[in-house]
**Q** 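Quick one: this structure, given as structure tokens, is what I'll be asking you about.
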Protein chains: 2
Amino acid sequence: MKCRVSENPSRSEAYRLLEEGIRKRSLIVILACCSASYEGRARSSLGAGERLIVIKPDGTFMVHQDRKVDPVNWQPPRSRCRVYMKQKSLFLESIRRSPEERLEVELHEVHLISFYLPRDMHELTVSGHESDMGDMIIMHPHLIEPGFRPVAREYATSSGFIDILGKDENGSLMIIELKSRKAGVSAVKQLRRYVDEFRDDQVGVRGILVAPSITHDALEMLEDEGLEFREIEPPRELKSNRGVTLDNFL
Amino acid sequence: MKCRVSENPSRSEAYRLLEEGIRKRSLIVILACCSASYEGRARSSLGAGERLIVIKPDGTFMVHQDRKVDPVNWQPPRSRCRVYMKQKSLFLESIRRSPEERLEVELHEVHLISFYLPRDMHELTVSGHESDMGDMIIMHPHLIEPGFRPVAREYATSSGFIDILGKDENGSLMIIELKSRKAGVSAVKQLRRYVDEFRDDQVGVRGILVAPSITHDALEMLEDEGLEFREIEPPRELKSNRGVTLDNFL
DNA sequence: GAGTCTATCTCGGAA
DNA sequence: TTCCGAGGTAGACTC
């Protein structure tokens with residue numbers, strides 16, 4: 001593990017270390033009093049303060065304050081970083097192309113610089129998502145109701161993709177909208193858009209919102225619109241087999 | 001600046017440092033080979049790998065890989081963090097209430113631990129050029145407008161500290177917000193919060209944003225809110241005499 | 001590239 | 001506290 005640390009480096013030493021760290025595409029961590037200005041999709045300026053600066057090998061650039069999860073200023077992966085001196089001041093600059101964005105950080109006082117070359121090994125697996133809910137319903141259609149038959153998944157409409165399209169035991173079209181968390185009014189609006197597209201053309205269209213729970217306002221709107229709600233918990237187990245398709249049903 | 005660093009600490013030394021850092025609500029930065037498991041709104045597990053771990057004074061907990069802006073695992077502000085040993089292994093745990101979520105990180109090998117106590121945010125914004133601007137205005141109130149009289153400095157409200165509080169020649173309350181760099185919408189919002197606190201109680205409250213320049217959006221918002229802008233350059237020279245008080249004016 | 005959708009979205013403001 | 005909308009959303013995926 002190549003790891004280098006320098007406490008309270010001089011300006012010239014900080015410059016040298018940062019130049020080397022950037023050139024070698026290291027993961028760089030800086031604790032410093034700094035100010036920042038950003039210009040691109042928006043514009044911002046940040047006064048002097050103690051901050052944590054992180055530069056990743058993929059070009060990600062972050063300025064973190066002492067609170068919140070999100071960085072106060074940042075640049076996405078593939079941004080180009082460089083360090084330079086201007087009138088005795090030390091600057092870090094990160095530039096992104098398309099859209100053109102520029103973040104400039106002035107380092108007033110550097111308390112700590114550390115950098116090293118990490119290699120990440122394992123990927124993260126997460127479950128509890130909408131796709132897992134979809135898999136579960138495709139495999140167990142009775143969770144929606146007895147006689148429900150899925151017909152299509154991710155069905156494209158001009159309003160977006162319908163999670164699951166199917167028919168009930170009477171042959172009525174059923175539009176299923178999945179949410180892995182508590183459903184709000186936005187979910188109902190989304191479902192309503194899908195249903196409206198089909199209601200124009202034919203009768204007997206049912207819209208079903210599937211979620212572990214629903215807000216009060218959303219439930220009211222749902223009932224006003226003549227739509228239905230199914231309380232279903234998303235699966236919590238990690239799936240290794242992620243290839244469930246509709247082949248069995250078509 | 002209290003700042004402590006330890007390279008390649010032993011397990012017991014790492015434990016001691018982390019316990020102290022958490023207890024003192026420091027900003028903690030760890031470079032380590034670790035694995036993580038999360039359970040809450042969703043569930044995830046992350047195999048061993050070199051990662052950057054950041055624990056903020058507000059309870060924010062982040063595990064960063066060597067790419068992407070977003071952390072691979074995290075907990076939001078106000079989460080509770082603790083360190084413990086279990087069967088010779090070193091663990092970090094961060095727990096959130098409502099919704100109940102738990103993130104556990106096993107530290108296989110710690111390369112670097114550093115933590116420090118960033119000074120209070122208020123102190124930070126006051127230090128540097130902003131306080132010099134304040135000094136300058138206290139000494140030359142006419143810079144704001146003829147007849148302006150400063151009354152209080154760093155006046156505490158429930159929304160934060162008002163840079164300068166004063167009265168105009170008609171006796172109307174004036175709230176001055178200083179920015180040493182180009183002011184953005186956040187500065188306007190900040191000023192608006194202060195003004196709102198007083199507008200509730202009395203009439204004739206004026207809010208003045210003082211900065212060397214202002215963004216287009218900020219100026220628009222400022223005018224919509226009935227607030228005012230004064231273009232003032234911060235003094236170029238940093239002052240060593242930092243003890244300007246309001247005694248002369250009270 | 002541009003467009004769409006998900007997310008442990010985060011975050012701030014309001015009821 | 002919960003709910004709701006905004007975001008430099010980021011990130012993944014399709015076309």
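So you know, we letter chains A, B, ... as the sequences are listed, proteins then strands, and number each from 1.
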**Q** Sticking with atom C1', work out how far dG7(D) lies from dG11(D), rounded to a whole angstrom.
**A** 14 Å
**Q** Without decimals, in angstroms, what is the distance between Y38(B) OH and dT8(C) P?
**A** 7 Å
**Q** Output all residues satisfying salt bridge (Lys or Arg N to Asp or Glu O under 4.0 Å) with K24(B), sequence neighbours left out; order by chain, then residue number.
**A** E20(B)
**Q** Between K189(B) (NZ) and dG7(D) (C1'), how many Å, whole number?
**A** 10 Å
**Q** Across nucleotides 10-15 of chain D, 5' to 3', mark each nucleotide with B, S or - according to how protein heavy atoms within less than 4.0 Å reach it.
**A** SSS---
**Q** Is the distance from OP1 or OP2 of dA7(C) to the nearest side-chain N or O of H129(A) less than 4.0 Å?
**A** yes
**Q** Distance check needed: dT6(C) P versus E177(A) CD, whole Å only.
**A** 7 Å
**Q** Provide, to the nearest angstrom, the distance between the NZ atom belonging to K179(A) and the C1' atom belonging to dT8(C).
**A** 15 Å
**Q** Could you state the CE-C1' distance from M62(B) to dT10(C), rounded to the nearest angstrom?
**A** 12 Å
**Q** Rounded to the Å, how far apart are D217(A) CG and dA14(C) P?
**A** 17 Å
**Q** Hey, are E145(A) and R206(A) close enough for a salt bridge, meaning a charged N less than 4.0 Å from a carboxylate O?
**A** yes
**Q** Nearest to the side chain of S98(A) - dC3(D), dA7(C), dG1(C)?
**A** dG1(C)
**Q** Taking the nucleotide of DNA chain C with the nearest heavy atom to each, does R193(B) or Q190(A) sit closer to the 5' end?
**A** Q190(A)
**Q** Using the P atom as the point on both nucleotides, what is the distance between dT8(C) and dA6(D), in whole Å?
**A** 22 Å
**Q** For residues 27-45 of chain A, which residue pairs qualify under side chain to side chain donor-acceptor pair (under 3.5 Å), counting only residues two or more places apart or in two chains?
**A** S35(A)-H108(A), Y38(A)-E101(A), R41(A)-E101(A), S44(A)-N73(A)
**Q** Of R192(B) and E101(B), whose closest DNA chain C nucleotide lies nearer the 5' terminus?
**A** E101(B)
**Q** Looking across every strand, which nucleic acid part, if any, lies under 4.0 Å from E154(A) by heavy atom: base, sugar-phosphate, or nothing?
**A** nothing
**Q** Among dA7(C), dT1(D), dT6(C), which nucleotide sits nearest the side chain of S180(A)?
**A** dA7(C)
**Q** Check the distance between dT2(D)'s C1' and R78(B)'s CZ and give it to me in whole angstrom.
**A** 13 Å
**Q** Find which nucleotide of DNA chain D each of Q75(A) and R97(B) is nearest to by heavy atoms, and output the residue with the more 5' nucleotide.
**A** R97(B)
**Q** Excluding sequence neighbours, so at least two apart, what forms side-chain contact (heavy atoms from CB on, under 4.5 Å) with E223(B)?
**A** L219(B)
**Q** Separation of R43(B) atom CZ from dA7(C) atom P, in whole Å?
**A** 16 Å
**Q** Test of understanding: with side-chain contact (heavy atoms from CB on, under 4.5 Å), list the residues that count as partners of P212(A), not counting sequence neighbours.
**A** E233(A), P234(A)
**Q** With a non-hydrogen cut-off below 4.0 angstrom, is N73(A) in contact with a base, only sugar-phosphate, or nothing?
**A** base
**Q** Specify whether F91(B) and Y84(B) have parallel, tilted or perpendicular ring planes, treating 30° as the upper limit for parallel and 60° as the lower limit for perpendicular.
**A** parallel
**Q** For T215(A) and for A42(A), find the nucleotide of DNA chain D with the closest heavy atom, then tell me which residue's nucleotide is more 5'.
**A** T215(A)
**Q** With sequence neighbours excluded, tell me which residues meet side-chain contact (heavy atoms from CB on, under 4.5 Å) with A218(A).
**A** V185(A), V188(A), I214(A), T215(A)
**Q** Determine, for E177(A) against K179(A), whether the closest basic-nitrogen to carboxylate-oxygen distance falls under 4.0 angstrom.
**A** yes
